[in-house]
Amino acid sequence: MSAGFNLDDAIRKVPDFPKPGILFYDITSVLSKPDAFRYCVDAMVKLYKGAELDAVAAIESRGFLFAAPLADRLGIPLILVRKKGKLPGKTISKSYCLEYGTAEIEIHEADIPKGGRVLLIDDLIATGGTLRAAADILEAGGAVPAGVFGVIGLPFLHYEKALEGLEIRTLIEYFGE
Ligand code: AMP
């Protein structure tokens with residue numbers, strides 16, 4: 001973290017949301033502070049400038065907010081990873097397990113650069129299940145997942161297991177209450 005700026009101060013922590021026992025790390029309080037949002041985007045640019053990326057893939061929905069300015073600043077394509085049923089064209093999809101039940105995400109097949117290096121972005125990495133599923137879709141479409149990024153990481157949920165083989169970067173980590 002750069003001197004004089006404390007990202008932790010900008011992140012709202014909401015206990016027992018969306019259910020009892022979960023501490024929710026809310027990034028709306030980062031977006032509403034221009035200096036905090038600028039700090040995040042600048043830090044991402046610093047991390048990935050020169051990484052020879054061909055595209056940035058953004059996880060719905062909060063991942064969109066951080067991936068879009070990065071794609072613009074790096075001058076590379078932005079690919080949306082959406083919940084099943086939202087994309088109108090031909091897609092590649094993947095279901096994965098949540099704590100309760102399953103979820104399914106998909107990407108437009110035509111947006112996946114064949115042989116291209118794609119960085120995956122979300123606001124927060126918890127179990128890593130969503131990013132893993134998105135990386136699998138990119139691979140199925142012929143791209144190379146070049147790494148994963150979350151503004152926030154919760155390493156006590158052992159996301160490094162789900163994301164094995166991928167380079168993981170975060171701006172701040174929390175280790176539980
Ligand atoms: P996962 O697939 O388990 O890594 O879950 C990641 C997704 O769930 C991200 O898109 C996060 O926005 C959201 N998420 C999971 N846990 C939290 C938390 N404690 N606070 C805020 N968002 C969370």
Side-chain angles (χ1 to χ4, degrees), residues 1 6-33 36-37 39-41 43-44 47-48 55-71 78-87 91-108 111 118-140 145-177:
M1 209 171 290
N6 189 336
L7 181 58
D8 175 49
D9 281 349
I11 297 170
R12 182 185 292 119
K13 290 92 180 171
V14 186
D16 299 317
F17 184 87
K19 55 185 182 188
I22 304 285
L23 179 59
F24 192 84
Y25 296 93
D26 177 31
I27 53 80
T28 63
S29 51
V30 172
L31 301 171
S32 67
K33 295 181 185 75
F37 189 38
Y39 167 82
C40 291
V41 177
M44 293 165 76
L47 279 174
Y48 294 109
V56 169
I59 307 285
E60 184 172 356
S61 54
R62 293 184 293 267
F64 292 177
L65 301 162
F66 294 93
L70 179 67
L78 176 65
I79 302 170
L80 300 190
V81 182
R82 298 216 62 183
K83 289 166 186 151
K84 182 83 180 164
K86 306 269 189 183
L87 292 171
T91 62
I92 302 179
S93 63
K94 171 125 188 169
S95 337
Y96 60 102
C97 290
L98 297 172
E99 196 179 352
Y100 298 105
T102 60
E104 192 166 357
I105 52 174
E106 58 188 358
I107 302 176
H108 270 147
D111 292 345
V118 182
L119 172 73
L120 292 113
I121 295 198
D122 205 350
D123 67 324
L124 179 145
I125 313 176
T127 66
T130 311
L131 284 162
R132 174 85 263 166
D136 290 347
I137 294 173
L138 289 170
E139 243 166 23
V148 300
F149 172 87
V151 176
I152 301 167
L154 305 182
F156 64 93
L157 296 176
H158 305 296
Y159 52 70
E160 77 284 352
K161 276 193 213 148
L163 299 172
E164 204 180 337
L166 295 168
E167 186 187 75
I168 307 166
R169 294 282 181 85
T170 59
L171 297 186
I172 190 166
E173 295 184 333
Y174 291 101
F175 296 89
E177 286 177 275

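Counting from 1, the numbers follow the sequence of the chain as shown. Atoms within a ligand are numbered from 1 in the order they appear, just like the ligands themselves.
For atom 16 (N) of ligand 1, the nearest non-hydrogen atom from the set Ala126, Gly63, Gly128 belongs to Ala126. Nearest to atom 18 (C) of ligand 1 by heavy atom, out of Leu23, Ile152, Ile27, is Leu23. Residue nearest to atom 3 (O) of ligand 1, selected from Leu157, Leu124, Val148, Thr127: Thr127 (by heavy-atom distance).
Taking 4.0 Å as the cut-off, Phe24 counts as a neighbour of ligand 1 on heavy-atom distance.
Using a 30° and 60° split on the angle between ring planes, Phe149 and Tyr48 fall in the perpendicular class, above 60°.
Of all atoms in ligand 1, numbered sequentially from 1 with element shown, those under 4.0 Å from a heavy atom of Asp123 are 9 (C), 10 (O), 11 (C), 12 (O). Distances below 4.0 Å separate heavy atoms of Thr130 from the following atoms of ligand 1: 1 (P), 2 (O), 5 (O). Contact atoms of ligand 1 toward Arg62: 11 (C), 12 (O), 13 (C), 22 (N) (distance under 4.0 Å to a heavy atom of the residue).
Counting only heavy atoms from C-beta outward, the side chains of Ile152 and Ile27 approach each other to under 4.5 Å. In this structure, Ile121 and Val56 have side chains that are in contact, with non-hydrogen atoms separated by less than 4.5 Å. Residues Ile107 and Ile92 have side chains not in contact (no heavy-atom distance under 4.5 Å, counting atoms from C-beta outward).
Among protein heavy atoms, the minimum distance from atom 10 (O) of ligand 1 is reached at Asp122 OD2, 2.8 Å. Nearest protein neighbour of atom 20 (N) of ligand 1, counting heavy atoms only, is Tyr25 N, 3.0 Å.
The residue from Leu31, Asp26, Asp123 that alone fulfils the side-chain contact (heavy atoms from CB on, under 4.5 Å) condition with Arg62 is Asp123.
Distance remark: protein heavy atom not present below 4.0 angstrom from atom 8 (O) of ligand 1.
To the nearest 0.5 Å, atoms CD1 (Ile125) and CD1 (Ile168) are separated by 6.0 Å.
Salt-bridge formation is detected for the pair Lys13/Asp8: a Lys NZ or Arg NE/NH1/NH2 atom is positioned less than 4.0 Å from an Asp or Glu carboxylate oxygen.
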